[in-house]
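Take a look at the structure below.
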Amino acid sequence: MTDLREDARRIVNEAIAGVLPNQAVEAALADRRFPGRVYLVAIGKAGFSMAQAAAKVLGPALVKGAVLTKYGHAQGLLERIEVVEAGHPVPDRNTLYGTEKVLALVEGLTATDTVLFLVSGGGSALFEKPLPGVDLTDLEKITQQLLACGADIVEINTIRKRLSAVKGGRFAHLCRPAQVFSVILSDVLGDRLDSIASGPAWPDAATVEDALAIVEKYKLSLPSSLLAKLKLETPKQVDNVTVMVTGSVKALCREAAAAAARLGYRPVILTTQLTCEAREGGRFLAAIAREIRDGGYLQPPCAVILGGETVVNVKGKGKGGRNQEFALAAAEGIAGLADTVVIAAGSDGTDGPTDAAGGLVDGQTQEVLLRQGLKIGAVLEDNDAYCGLAACDSLLLSGPTGTNVNDVAVLLCR
Ligand SMILES: O=C(O)C(=O)CO
């Protein structure tokens, strides 16, 4: 009989392999002919693999390009394409440097030129030029507040768009008169094009009122200069863009279900739209495990799959990410159960500001931590899931995967 933990790893690895963007980008470009010169811009955590796939299809038709991706996400050099790594989730100097490179690339194009714009999640932090009057320190401070307050990605990006000269449709305007052909790997539930990477080439659906309501809801502290920027309307029309969306958390969950079935588990995808507090998600999945062990709901061997993007309200000083909090909370809920594991992973391989993708726990995890004097409740209170999971050898350390379509959690019962 195979090891339950190994099965969980395998299911997640195979699910991620099934949503790598390479094939989708190749398919999107295979029969497409662009009339004039083609310039490539790829932003986001999957930027390198998307650019690599596109360059392979375009061959000599590609004049030049730029990739802006997160530190550690470049996988080598690409001919005629400059690769810049930068800060994520908080933008840094390299973000601004890389963005200037991109803007130089699209300056002075003609109406027959095409900007092939490859977009993946993470692009908001990696592609940024602040509006005049906003500086990098302002962006760092507001990003940190937004990430810690429990706002979801649509809310976070509603604010980001209003402080930026490239987000919320403004990049598409800067490419004019060239046409923009955009291939988008979605990491936003419902595939909202104005939210994925803050929609550099899509009109902003949010209004000034929406932005101010978010400031009020989360009691964000902003200097009056930034508040004034939030009151400026973003472009509501973009007329030089064609978009193809590829990949999503739904596909990730379907791949996980198929991988589980191959290993002999009965798979059930419970939802692909989980957006609650991460630890609540973990507790919920643990409650389902208990139900299964009580003889209800599903017969083992089974795999219960959740997909989505949970949030964390950061109150402590520890280190972690939403998938790590999810897994650790689940460990408390499944404590003492035999033949039960929970794995929670970000498909990009980097959960929160850490080098871990998530966590993998079982019915013994809580006991192992208690023997070291660590109580799961206290670790979660300090938002220190990384250290908690490290202490019981339960971190997932895959490294960057080359894709980014949000998160998956799997409960395996045998
Ligand atoms: O805005 C971003 O960068 C995200 O990760 C969501 O697409």
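Each ligand, and each atom within it, is numbered from 1 in the order the structure gives.
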Nearest atoms (heavy-atom pairs only) where E128 meets L139:
CG-CD1, 3.5 Å
Note: N404, heavy atoms under 4.0 Å from ligand 1, region reported as neither
For R160, the ligand 1 atoms whose distance to one of its heavy atoms is below 4.0 Å:
1 (O)
Sort and list the pairs that fulfil salt bridge (charged side-chain N to carboxylate O under 4.0 Å, His left out) and have at least one residue in residues 271-289, not counting sequence neighbours.
R279-E325, R279-E381, E280-R283
Of all the heavy-atom pairs spanning L40 and A51, show the shortest one and how long it is.
CD2-CB, 3.9 Å
Of the protein's non-hydrogen atoms, which lies at the shortest distance from atom 7 (O) of ligand 1, and what is that distance?
D187 OD1, 2.6 Å
What are the atoms of ligand 1, with element, lying closer than 4.0 Å to any heavy atom of G122?
2 (C), 3 (O), 4 (C), 5 (O)
Residue and atom name of the nearest protein heavy atom (relative to atom 2 (C) of ligand 1), distance in Å to one decimal
S124 OG, 3.2 Å
Taking both backbone and side-chain atoms of I196, is any N or O found less than 3.5 Å from an N or O belonging to ligand 1?
no
So, is G123 polar-close to ligand 1, with some N/O to N/O distance under 3.5 Å?
yes
Taking the non-hydrogen atoms of H88, is any one of them nearer than 4.0 angstrom to ligand 1?
no
Angle class for the F171/F117 ring planes (parallel below 30°, perpendicular above 60°, tilted otherwise)?
tilted
Sub-3.5 Å donor-acceptor pair from the side chain of R162 to the main-chain atoms of K231, do we have one?
no
Do T401 and T403 have side-chain N/O donor and acceptor atoms under 3.5 Å apart?
no
So, for Y71 and G87, which heavy atoms are closest and what is the spacing to 0.1 Å?
CE1-N, 3.4 Å
Which is it for I156 and ligand 1 at heavy atoms under 4.0 Å: side chain, backbone, both or neither?
neither
Under 4.0 Å to a heavy atom of V188 - the qualifying atoms of ligand 1, by number:
6 (C), 7 (O)
